Asker: 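Sharing a structure, written as structure tokens. Questions coming.
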Amino acid sequence: MKQIQTMFKSAAAVSVLAFSAFAAHADTLPLSGNFQADHFSAKVVSVDQKNHEVVLSGSEGNEVTVTVPEQAGDLANLKAGDIVDTTVTHSVAVALDTNVDKSAPTASSTKGAAPATKGDPQHEAFRQVNVELKIKHIDLKKNEVTFEGPKGGQKTVMVDNPDIQAHLKDLKVNQSVRVTYTDTLKIEVRKS
């Protein structure tokens, strides 16, 4: 459980630390990043252990039935009246590898979870996807860059940001752009 919690915390921090990590490699430049966190709380109305369903009541009293995946763990500690606090984070970090690399684009993913137990109703999970795109064409007049993805598909992107437009002349065909997507979920229970 401790190892999963460490992995979860590492994944949650990846976007915040992405630029300093990318900056540690002299030939990788951060391009952009985005981080969003949402938090919500709901009161437990009822728990159906057999069917793995929980009825929650929101802040405005609206009720919703949630089917909890068995991988999320044991519902034995969850009782009517408990408050479920949920935090979901989404982040994206983008960096340019300044070396020209002829290898094909790649994609990989990692995920992990710490399920709830009879002794600990908290649940944590994360998923991280890393995608490496290749620059296939640069059109300085139109401020467009065409990327190739891991499955061979190509997409042309219009660059609207003047600061990035100024650096388009420094890009090279076959440079890699690394995109890291990280999603985390943390559910804590406050006993009534």
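Everything numeric in this text was worked out from a predicted model, so none of it was measured.
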Asker: If you count every heavy atom of other residues, nucleotides or ligands that lies below 6.0 Å from Lys151 atom NZ, does the total exceed 12?
Answerer: no
Asker: Side chains of Lys136 and Asn174: any donor to acceptor distance under 3.5 Å?
Answerer: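 Side chains of Asn174 and Lys136: pair found under 3.5 Å.
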Asker: Decide whether Val55 and Phe40 are clustered together by the hydrophobic rule: side chain heavy atoms of Ile, Leu, Val, Met, Phe, Trp, Tyr closer than 4.5 Å, transitively.
Answerer: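 Shared cluster, no.
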Asker: Just by distance, with hydrogens left out, do Ser176 and Lys134 show a side-chain donor and acceptor under 3.5 Å apart?
Answerer: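 Short answer, yes.
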Asker: For a quick test of reading the model, state the closest non-hydrogen atom pair linking Val177 to Phe147 and the distance between them.
Answerer: CG2-CE2, 3.5 Å
Asker: Should Asn130 and Glu132 count as side-chain neighbours, where that means a heavy-atom distance under 4.5 Å?
Answerer: no
Asker: When rounded to the nearest 0.5 angstrom, what is the spacing between CD1 in Ile135 and CD in Glu148?
Answerer: 12.0 Å
Asker: Could you tell me which non-hydrogen atom of His123 sits nearest to which non-hydrogen atom of Ala72, and how far apart they are?
Answerer: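 In terms of heavy atoms, the two residues are closest at ND1-O, 3.3 Å.
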Asker: Would you mind reporting whether Leu75 and Val54 have side-chain heavy atoms less than 4.5 Å apart?
Answerer: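 Yes. Closest side-chain heavy atoms under 4.5 Å.
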Asker: Which pair of non-hydrogen atoms, one from Gly81 and one from Lys43, has the smallest distance, and what is that distance?
Answerer: CA-CE, 3.8 Å
Asker: Determine the minimum heavy-atom distance between His39 and Thr87, stating which atoms define it.
Answerer: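 Nearest heavy atoms, His39 then Thr87: ND1-OG1, 3.0 Å.
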Asker: How close do Pro150 and Leu133 get, counting heavy atoms only, and between which atoms?
Answerer: CD-CD2, 4.3 Å
Asker: Nearest 0.5 angstrom please: Asp82 CG to Glu188 CD, how far?
Answerer: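 It is 13.0 Å, given to the nearest 0.5 Å.
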Asker: From Arg127 CZ over to Tyr181 OH, what is the distance, rounded to the nearest 0.5 angstrom?
Answerer: 10.5 Å
Asker: Group every Ile, Leu, Val, Met, Phe, Trp and Tyr by side-chain heavy-atom contacts under 4.5 Å, then state whether Val68 and Leu78 land in the same group.
Answerer: yes
Asker: Show, in sequence, the C-alpha distance, side-chain angles and deciding distance for His52 and Glu70, and conclude whether the side chain to side chain contact (heavy atoms under 4.5 Å, CB included) test is met.
Answerer: CA-CA 7 Å; His52 240 251; Glu70 289 190 30; 4.2 Å; yes
Asker: With rounding to the nearest 0.5 Å, note down the distance linking CD in Glu53 to OG1 in Thr67.
Answerer: 4.0 Å
Asker: For the atom pair CG (Asn77) and CD (Gln122), what is the distance rounded to the nearest 0.5 Å?
Answerer: 12.0 Å
Asker: Go through the steps to decide whether Lys191 and Lys79 satisfy the test side chain to side chain contact (heavy atoms under 4.5 Å, CB included), and finish with yes or no.
Answerer: CA-CA 8 Å; Lys191 301 309 258 175; Lys79 307 282 184 247; 4.3 Å; yes
Asker: Quick one: does Val129's side chain get under 4.5 Å of Thr180's, heavy atoms only?
Answerer: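 A side-chain contact under 4.5 Å is absent here.
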Asker: Could you tell me the separation between the CG atom of Leu171 and the CG atom of Leu140, rounded to the nearest 0.5 Å?
Answerer: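 Interatomic distance, Leu171 CG to Leu140 CG, rounded to 0.5 Å: 8.5 Å.
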Asker: Under the side chain to side chain contact (heavy atoms under 4.5 Å, CB included) rule, what do Asp85 and Arg190 come out as? Steps first, then yes or no, please.
Answerer: CA-CA 8 Å; Asp85 290 314; Arg190 290 184 276 148; 2.6 Å; yes
Asker: Can you list the steps and then say if Leu168 with Val159 is a side chain to side chain contact (heavy atoms under 4.5 Å, CB included)?
Answerer: CA-CA 9 Å; Leu168 289 180; Val159 178; 4.1 Å; yes
Asker: Please examine the side chains of Val45 and Leu56, heavy atoms only from C-beta on, and report whether any two atoms are closer than 4.5 Å.
Answerer: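 SC-SC contact between Leu56 and Val45 ruled out.
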Asker: Taking atom types as modelled, find out whether Asn34 and Gln36 have a side-chain donor-acceptor pair closer than 3.5 angstrom.
Answerer: no
Asker: Taking the side chain as everything from C-beta on, heavy atoms only, tell me whether Ile187 gets closer than 4.5 Å to Leu185.
Answerer: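 Heavy-atom side-chain distance check passes, below 4.5 Å.
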Asker: Does the side chain of Thr182 come within less than 4.5 Å of Thr89's, by heavy atoms?
Answerer: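 No - every pair of side-chain heavy atoms lies 4.5 Å or more apart.
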Asker: Would you check if Ser41 and Ile83 make a side-chain contact, meaning some heavy-atom pair closer than 4.5 Å?
Answerer: yes
Asker: Is Lys142 close to Met158 at the side-chain level, that is, under 4.5 Å between some pair of heavy atoms?
Answerer: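 No, side chains not in contact.
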